[in-house]
Amino acid sequence: MRLRLTIFILVAILAHEHECASTSMKLNIHTDTKGHFSDQKNVLLIGVDDLRPDIAGPYGQDFVKTPNLDRLAARGTTFLRAYCQVALCSPSRTSLLTGLRPDITKVWTIGPYFRKTMGTHGDSVITLPMAFKRDGYHVTGAGKIFHPGTSSGGSGSEGGGDGGYPFNASGSWSEPYFFCDQFYNGTLQSPAMQDWPNARAENAGCIQSDKCVDCLTKHNSLGGKHSWRAAPCPANCYPDGAVADEVVRRLGLAAKNLPATNFFIGCGFKRPHLGWMAPSMYFDINISDVVIAKHRTPPEGMPTIAFGSNGELCSMDDVQCEKRNDGLQFLPDARHAEMRRAYYSVVQFMDSQLGRVLDALDSNGLTENTVVILWGDHGYQLGEHGLWCKVTNFELATRVPLIVSIPGVPGGTTSRALVEHLDIFPTALDAAGLAPLPQLMGRSLVPLVRAPDVGLSQWNASYSQITRPGGQGLSMRTDAWRITWWGKFDDVAGRPRFDLEPLGVELYDHRNDSEADFDAFENVNVAGTSAFYNTTTTLLLELLKATWDNGHLNPAPVPTAPPPLPTLPPVPPMPSGGRTVRFVSMASEQMCLVTSSTDNADGVGVSTTCGDINGQIAAASEFTALNENTTSSQYESVPHAGYCLNVYGGMPRGCHAGATLHLNRCTGSHLGNFLSYNYVDHTLALTSETNCSRYCVSIVGNGDVALQECTHATKWQLNAVGHP
């Protein structure tokens, strides 16, 4: 009963949260090209490949020198709990740039192009840069924003970028795109570098000069497939330096064209993607100072399907991995410090090039009217769980850095809201002063930038997924938990096969996670390890299934008016005899008994006893409560509908004998099957399964109960999805 009620409540919440999102595959197309308003802002969108939030400043990782990331964070809001939809480059970027979940784009791996995978809907999708172009902005970019090649309409690994090369005037950009990536052998990668037709004339990418080729060759940084290389060569011999050069140039041009035309510029940095190549000066980290991961083995109880292959790192010419009997391969411990040092070194290089871009923004007088959004395309694992790189559903692979800076809004703030890549598209529109697009499945983060601590409970879950041979893993991160389901997946329909037995289930406990320790969590899969975790797993798994199937992908449209209130049945008589009431603390496995000596419809005082209740429940009716910061709560008796337990005086985490409890009749309605959640002001709102999820019961601080109609405007605030 509680299980179904929890599902109904979360589905209703998600429907409200995504009231402007698309429903099913029906895409509403924005066709107007508006004139510019004086308050419209420019946009600089900065994507960083393979950057995890293992950096300084608000993330608290002071080992790596990132003064320019710190500088940007001081100007904006850092989202400490931001997550990608897929921990893999192309599907992650496709979802972010279309504002659609992977099951809508049908892009779960590298290679497929959303305009083809979505069939007749593909051509009508408006991408993030296209939205600004259609609004009159001059839209350009450099580096890796879209994943290049076939993944964005190109050929092989070259071009594309949704009309960037070959240039398509109806595509995402106002002029040919400046591609700049790098092959594993150190050669710069772009249509211009590979001398594709007209690419150099169209400035369709970076070109490695003869001087750079000579320098890199001399220092063994060109040729082969190396995990890392350092050489005393200029910054623009590497993609990040060449991208910074081009973005600095374009910012200068943009400043000359203002105020006639607003600009949108995409800036895509390659590092810290493998191979870790950069000028020698950034490899100044003493390897003896590098701290490696403490937990270098797979999580205890992890289903094998959850583990990544470590294939990207293990395929390097200078890396020999060790394979276990179960087929999993691992980097030898002796190489961990070396590889971490190389990763951190190229992060420092990327940060220096970010600094050049921010300097150009300042020197051209553009800072005061330019929204800056920096994001990583996914997280990264550096030996934790024995994993390297990405392509898993673990916290370190899915959690990304995200900084949003809006002119006129004080910076240096942080938010612990659970947000997603999907939220970046609507945020960019909102922050710049453009109208929202109906197709988008995320929400604007602008309210959180303006007030980072307000309404956090409305941002209650983030979703990720990853493909494996034979199925997918679907993961939901809540405030306190990560639940992951592994099973068969229908690629044609874009639907998980929840009707079949799962291939594995994972539950990880994040209740004490401050986000600063990258090694302390998800080391034990607690699913099925105790009665407490069994219950939590069951509840969260059903929440994941319900929201993925009904709210996560296709939020139900909200009717303009709910149906009439039902006729309420009479309240049954109070049963006779003593009562035993059970409270279960979700903060621990400790349970408390609440017993009353007599029954009285008007309410009686009861006493509490904490301890082991095994064998003491008997056939008495039971109540289950959150015990979470409750000032005044009312809970329904499952066996005896119509009788509720009122809690006064607060019962924060754990059991406290000082609370005053009363058993009395529910007034104002027959509550039926309800489950409560806490508002921050200690007023509770409950949603009825029996009487349709459109009816709510509100319980205010004095315990009064009222049945009312719920509308899409209702402001639901979950204390935590992880505490069902």
Okay, side chain of [X], backbone of [Y]: is any donor-acceptor separation there less than 3.5 Å?
| X | Y | answer |
| --- | --- | --- |
| Asn525 | Glu300 | no |
| Gln85 | Tyr463 | yes |
| Arg497 | Gly487 | no |
| His421 | Ala82 | no |
| Asn310 | Trp388 | yes |
| Ser475 | Ser464 | no |

Under 3.5 Å side-chain donor-acceptor pair for Glu506 and Tyr508 =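 Short answer, yes.
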
task = Would you check if there is a donor-acceptor pair between the side chains of Trp459 and Asp423 at a distance under 3.5 Å?
result =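 No donor-acceptor contact under 3.5 Å links the two side chains.
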
task = Test Tyr59 against Phe518 for ring pair (Phe, Tyr, Trp, His ring centres under 6.0 Å), laying out the working first.
result = CA-CA 10 Å; Tyr59 291 105; Phe518 283 68; 7.8 Å; no

query = If you look only at pairs with a residue in residues 375-399, which of them pass as a salt bridge (Lys or Arg N to Asp or Glu O under 4.0 Å), with sequence neighbours excluded?
reply =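 Counting only pairs at least two positions apart or across chains, the salt bridge (Lys or Arg N to Asp or Glu O under 4.0 Å) contacts touching residues 375-399 are Asp50-Lys390, Arg52-Glu384, Arg93-Asp377, Glu312-Lys390, Arg340-Glu384, Glu395-Arg477, Glu395-Arg482.
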
request  = Give a yes or no on whether the ring-centroid distance for Phe489 and Trp108 is below 6.0 angstrom.
outcome  =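 Yes.
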
message = Going by ring-ring contact (aromatic ring centres under 6.0 Å, His included), name the residues that satisfy it together with His295, two or more places apart in sequence or in a different chain.
response =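 Listed in chain order: nothing, the list is empty.
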
ask   = How far does CG of Leu539 sit from CD1 of Ile483, to the nearest 0.5 angstrom?
value = 10.0 Å

request  = Using a cut-off of 6.0 Å, state whether more than 12 heavy atoms not belonging to Asp326 lie near its atom CG.
outcome  = yes

ask   = How would you list, by chain and number, every residue that makes a salt bridge (charged side-chain N to carboxylate O under 4.0 Å, His left out) with Asp509, sequence neighbours excluded?
value = Arg511

